[in-house]
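By convention in this document, chain letters (A, B, ...) are assigned in the order of the sequence lines, proteins followed by strands, and residues within each chain are numbered from 1.
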Amino acid sequence: MSEERSLNFLEEIIENDLKSGKYQSIVTRFPPEPNGYLHMGHATSICLNFGLTKKYPGYTNLRFDDTNPVTEETEYVESIKEDVQWLGFEWKNLRFASDYFDQLFEFAVKLINKGLAYVDDSTSEEIAQQKGTPTEPGVNNQYRDRSIEENLRLFNEMKNGKYPDGAKVLRAKIDMAHTNMLMRDPIIYRIKHAHHHRTGDKWCIYPMYDFAHGQSDSIEEVTHSICTLEFIPHRELYDWLIEKLEIFPSHQYEFARRNLNYTVMSKRKLLQLVNENHVDGWDDPRMPTISGMRRRGYTPEAIRDFCERVGIAKREILLEFSLLEFCVREHLNKIALRRMVVFDPIKVVITNWTNEVEMLQIEDNPEDENSGAREVPFSGELYIEREDFMENPPKKFFRLFPGGMVRLKGAYIIKCDEVVKDDAGNITQLNCTYIPESRSGNDTSGINVKGTLHWVSIKESISAEIRLYDRLFQVEDPSSEEGDFKSYINPNSLQLLTNVHAEPALKNAKFTDRFQFLRKGYFCLDKDSHGRLVFNKTVGLKDAWAKEVKKGS
RNA sequence: UGUUGAGUAGUGUAAUGGUAACAUACCAGUCUUUGACACUGGUGUUGAUGGUUCAAGUCCAUCCUCAACAACCA
């Protein structure tokens with residue numbers, strides 16, 4: 001906290017509220033609807049809401065906004081809880097809007113008694129038509145003038161199941177000519193003979209968002225109800241209902257939703273990707289869901305850091321994925337165990353090597369003094385990466401080439417003496433000699449080489465599968481492009497390497513481990529690893545050579 | 001043609017009438033037993049036009065652009 005940072009607009013509001021004595025402590029809430037998995041956009045909201053009550057006195061509730069029984073499921077409740085905890089946050093109270101259905105019903109009765117709500121028999125089409133347009137006022141209908149007694153009777157009958165879905169609704173009686181369309185007598189209760197994941201069949205009428213969210217905030221005495229920009233027009237109704245109901249005055253504040261480029265972030269679109277099998281479920285590592293990012297190997301620390309760096313504002317933004325990747329690398333660099341894996345092998349024979357296997361100690365993580373070392377077997381028959389050798393190297397290529405020397409990471413300097421090819425002219429083997437005095441750690445050879453390569457000893461190496469991921473979409477903002485967003489899916493977002501050669505220490509890989517495969521990137525064990533090793537690429541290393549190559553082409 | 005909100009380097013975020021800053025991205029270089037990491041330097045910014053002021057990203061006026069709003073979704 002020693003770092004100085006200017007306050008964002010919400011922190012400013014809160015500090016003022018605290019300073020003025022309006023509140024001694026604050027209450028926020030994270031209010032997901034349990035109808036899908038959490039994604040990066042939710043992570044923003046989670047970090048914001050929970051972060052605020054970490055910084056200031058107070059607490060945060062996790063409240064499920066479960067007012068629509070037809071779309072909501074318990075499966076989602078569980079995944080959401082898991083994701084919030086995984087991100088590193090603890091809620092004070094776990095609540096459901098459905099916990100408040102009785103109170104909400106009483107609130108509605110109170111509104112009716114005050115002459116501020118009425119039962120409307122119109123169809124949804126009629127209601128839409130009477131509503132007017134943003135530029136034309138709406139009109140009153142005949143049901144608007146029903147007596148309080150009649151409204152009470154009808155509303156109770158709705159509750160008691162006398163009417164079928166859609167036959168009647170309860171509406172707040174505000175102003176059909178209001179410039180804010182949400183104030184044109186909004187529907188606050190509708191009939192749905194549907195089974196609710198928590199209340200079962202107790203209710204056949206359910207409150208609408210606007211008559212549940214603010215009221216739930218108020219019941220929980222939420223001081224700062226933070227939501228996204230699209231709810232700005234709802235604020236007027238939010239305040240109106242709280243005022244007329246004479247309940248705890250929660251206040252709503254809006255900030256901008258954050259989008260990431262090269263992906264989509266709406267639940268509807270993510271659901272389509274899952275249902276139409278464009279990805280392998282909600283936790284596919286290419287998905288911007290929390291569970292997808294978790295499976296991909298992103299850490300909670302990295303995601304929190306990202307949210308912190310991005311800050312908050314009141315305008316729609318499209319964030320660059322590269323910043324998220326930076327945060328991921330930044331954290332992983334500090335904690336990842338270094339390992340060597342050869343993706344596309346070429347055989348190296350050390351012609352002056354004896355037949356023995358030498359066990360080398362190589363550090364787990366040079367960034368972490370407390371990390372240990374693992375044993376890596378070195379022998380006369382090795383694999384190196386095919387792309388680390390060139391027969392006719394360009395300038396600035398400081399890997400292996402005929403007559404050239406490189407260091408093998410943690411081992412010896414070798415010199416390439418001979419290139420062996422098959423009849424078709426393909427390189428099948430490199431014959432090299434090693435410099436015995438050049439062993440890593442006590443190199444007395446005096447030789448300076450420019451390049452260091454990763455390698456594995458053939459005989460001791462183990463086999464693994466690697467899944468390489470690229471961006472899910474080929475365009476920055478698929479949602480704003482013409483036509484179906486799915487036509488912009490990147491067909492090469494998943495690349496499978498089914499037989500890579502890994503150093504033996506990887507045999508003991510655990511699901512919680514994070515690895516850096518030297519010169520390749522960051523990887524983690526995938527949940528598909530039973531009886532075999534499957535690694536997901538979390539993010540690559542920055543690759544200056546790749547840039548050099550690109551420039552040359 | 002309505003209401004509401006928003007416009008600051010490529011991308012984000014600051015500067016609350018007083019040197020337009022920070023991060024990332026990008027470019028160039030240094031270092032390196034990971035072409036990683038680290039380090040050094042650089043390119044690049046107030047939507048427009050007027051006005052007030054010694055001084056304007058900030059205040060005022062006009063204009064322009066973008067977004068949200070007419071679900072018995074949240």
Side-chain angles (χ1 to χ4, degrees), chain A residues 5-8 12 31-33 35 65-68 70-72 97 120 122-124 127-129 131-138 165-171 178-182 184 187-192 205-206 208-210 212-213 227-236 254 256 258 261 267-268 309-327 329-330 333-334 338 340 362 366-367 396-399 406-413 438 440-441 443 448-454 516-521 540-548:
Chain A
R5 189 178 63 96
S6 55
L7 303 176
N8 65 47
E12 227 164 81
E33 187 192 6
N35 70 346
D65 244 339
D66 56 350
T67 56
N68 186 358
V70 302
T71 58
E72 295 151 1
D120 191 330
S122 309
T123 64
S124 57
I127 289 176
Q129 200 178 16
K131 203 144 205 170
T133 70
T135 53
E136 300 162 276
D165 289 6
K168 287 178 166 47
V169 291
L170 184 69
R171 291 228 253 170
H178 205 287
T179 50
N180 180 351
M181 295 206 58
L182 283 159
R184 319 241 261 232
I187 294 169
I188 57 179
Y189 260 96
R190 77 285 214 194
I191 301 170
K192 273 181 193 287
I205 57 170
Y206 293 92
M208 296 286 289
Y209 165 84
D210 285 304
H213 196 95
C227 61
T228 45
L229 253 28
E230 67 267 30
F231 290 97
I232 288 176
H234 292 253
R235 188 174 62 231
E236 196 170 12
E254 309 87 10
R258 287 176 266 189
N261 61 7
K267 273 193 269 193
R268 207 192 87 249
R309 282 170 189 266
V310 165
I312 63 166
K314 300 186 86 158
R315 55 174 157 151
E316 287 288 341
I317 52 174
L318 185 63
L319 294 166
E320 289 183 340
F321 215 90
S322 58
L323 181 62
L324 212 206
E325 295 192 323
F326 167 83
C327 295
R329 283 192 199 102
E330 176 118 309
N333 181 43
K334 293 192 192 108
R338 270 54 174 179
M340 294 194 285
I362 306 184
E367 301 285 324
K396 294 208 252 180
F397 181 85
F398 38 90
R399 280 120 101 144
V406 292
R407 171 171 299 281
L408 296 178
K409 173 69 188 177
Y412 299 89
I413 292 173
S438 68
S440 191
D443 182 349
N448 231 337
V449 292
K450 200 88 164 106
T452 301
L453 308 184
H454 62 280
Q516 184 196 105
F517 293 170
L518 247 55
R519 308 204 302 137
K520 284 298 185 185
L541 261 19
K542 275 213 265 187
D543 190 347
W545 171 246
K547 214 166 8 185
E548 194 69 31

Q | Base-pair map of RNA chain B as dot-bracket, where | denotes pairing with a different strand and pairs are Watson-Crick or G-U under 3.5 Å | A | .((((((..((((....[..)))).(((((.......)))))....(((((..]....))))))))))).....
Q) Would you say the side chain of A:Leu170 lies within less than 4.5 Å of the side chain of A:Ile205, judging by non-hydrogen atoms? A) no
Q | C1'-based separation of B:U53 from B:U13 [nearest Å] | A | 29 Å
Q | Interatomic distance at C1', B:C73 relative to B:C69, whole Å | A | 15 Å
Q) On a whole-Å scale, what distance lies between the P atoms belonging to B:U24 and B:C31? A) 22 Å
Q. Distance between the P atoms of B:U19 and B:U58, in whole angstroms?
A. 14 Å
Q.
If the condition is side-chain hydrogen bond (donor to acceptor under 3.5 Å, both in side chains), which residues does A:Asp543 pass it with, not counting sequence neighbours?
A. none
Distances under 3.5 Å between protein N/O atoms and the N/O atoms of nucleotides 45-47 of chain B, please, pair by pair.
none

Q. Does any donor-acceptor pair link the side chain of A:Arg519 with the base of B:G35 at a separation under 3.5 Å?
A. no
(Q) Using a heavy-atom cut-off of 4.0 Å across all strands, would you classify A:Phe397 as base, sugar-phosphate, or nothing? (A) base
**Q.** Whole-Å C1' distance, B:C26 and B:A70
**A.** 45 Å
Q: Indicate yes or no: at least one non-hydrogen side-chain atom of A:Asn35 is less than 4.5 angstrom from one of A:Lys267.
A: yes
All N/O contacts under 3.5 Å from nucleotides 9-14 of chain B to the protein, with atom names and distances to one decimal?
{"from": "B:G10", "atom 1": "N2", "to": "A:Glu320", "atom 2": "OE1", "distance (Å)": "2.4"}
{"from": "B:G10", "atom 1": "N2", "to": "A:Glu320", "atom 2": "OE2", "distance (Å)": "3.2"}
{"from": "B:U11", "atom 1": "O4'", "to": "A:Glu320", "atom 2": "OE2", "distance (Å)": "3.0"}
{"from": "B:U11", "atom 1": "O3'", "to": "A:Leu318", "atom 2": "O", "distance (Å)": "3.0"}
{"from": "B:G12", "atom 1": "OP1", "to": "A:Leu318", "atom 2": "N", "distance (Å)": "2.8"}
{"from": "B:G12", "atom 1": "OP1", "to": "A:Leu318", "atom 2": "O", "distance (Å)": "3.0"}
{"from": "B:G12", "atom 1": "O2'", "to": "A:Val310", "atom 2": "O", "distance (Å)": "2.9"}
{"from": "B:U13", "atom 1": "OP2", "to": "A:Arg315", "atom 2": "NH2", "distance (Å)": "3.1"}
{"from": "B:A14", "atom 1": "O3'", "to": "A:Ser6", "atom 2": "OG", "distance (Å)": "3.3"}
{"from": "B:A14", "atom 1": "O2'", "to": "A:Ser6", "atom 2": "OG", "distance (Å)": "3.1"}

Q: If the plane angle is over 60° it's perpendicular, under 30° parallel, otherwise tilted; pick one for A:His234 and A:Tyr209.
A: perpendicular
Q. Got a sec: does the CD of A:Glu330 have more than 12 other heavy atoms crowding it under 6.0 Å?
A. yes
Q: Under the salt bridge (charged side-chain N to carboxylate O under 4.0 Å, His left out) rule, collect the residues that match up with A:Arg235, sequence neighbours excluded.
A: A:Glu254
Q. Is a donor-acceptor pair below 3.5 Å formed from side chain A:Arg338 to base B:U34, judging by atom type as modelled?
A. yes
Q. What nucleic acid atoms does A:Arg184 come within less than 4.0 Å of, heavy atoms only: base, sugar-phosphate, or nothing?
A. nothing
Q. How is A:Gly451 classified with respect to the nucleic acid when contacts are heavy atoms under 4.0 Å: base, sugar-phosphate, or nothing?
A. nothing
Q. Has A:Lys542 got a side-chain N or O lying under 4.0 Å from the OP1 or OP2 atom of B:A25?
A. yes
(Q) So A:Arg399, base contact, sugar-phosphate only, or nothing? Heavy-atom distance under 4.0 Å. (A) base
Q. A:Asp543 has an atom CG; how far is it from atom C1' of B:C37, in whole Å?
A. 14 Å
Enumerate the protein-to-nucleotides 72-74 of chain B contacts in which both atoms are nitrogen or oxygen and the separation is below 3.5 Å.
{"from": "B:C72", "atom 1": "N4", "to": "A:Ser122", "atom 2": "O", "distance (Å)": "3.2"}
{"from": "B:C72", "atom 1": "N4", "to": "A:Gly166", "atom 2": "O", "distance (Å)": "2.8"}
{"from": "B:C73", "atom 1": "OP2", "to": "A:Arg190", "atom 2": "NE", "distance (Å)": "3.2"}
{"from": "B:C73", "atom 1": "OP2", "to": "A:Arg190", "atom 2": "NH2", "distance (Å)": "2.9"}
{"from": "B:C73", "atom 1": "OP2", "to": "A:Lys192", "atom 2": "NZ", "distance (Å)": "3.2"}
{"from": "B:C73", "atom 1": "O3'", "to": "A:Arg190", "atom 2": "NH2", "distance (Å)": "3.2"}
{"from": "B:C73", "atom 1": "O2'", "to": "A:Asn68", "atom 2": "ND2", "distance (Å)": "3.3"}
{"from": "B:A74", "atom 1": "OP1", "to": "A:Thr67", "atom 2": "OG1", "distance (Å)": "2.6"}
{"from": "B:A74", "atom 1": "OP1", "to": "A:Arg190", "atom 2": "NH1", "distance (Å)": "3.4"}
{"from": "B:A74", "atom 1": "OP1", "to": "A:Arg190", "atom 2": "NH2", "distance (Å)": "2.9"}
{"from": "B:A74", "atom 1": "OP2", "to": "A:Tyr209", "atom 2": "N", "distance (Å)": "3.0"}
{"from": "B:A74", "atom 1": "O3'", "to": "A:Asp65", "atom 2": "OD2", "distance (Å)": "3.4"}
{"from": "B:A74", "atom 1": "N6", "to": "A:His234", "atom 2": "NE2", "distance (Å)": "3.2"}

Q.
Between B:U33 and A:Ser440, counting only base atoms on the nucleotide and side-chain atoms on the residue, is there a donor-acceptor pair under 3.5 Å?
A. yes
Q. NA contact type, A:Gln516, heavy-atom cut-off 4.0 Å: base, sugar-phosphate, or nothing?
A. base
Q) What distance, rounded to whole Å, do you find between the two P atoms, one in B:G57 and one in B:A9? A) 14 Å
Q | P atoms of B:U45 and B:U4, separation to the nearest Å | A | 34 Å
(Q) Using the C1' atom as the point on both nucleotides, what is the distance between B:C59 and B:A28, in whole Å? (A) 43 Å
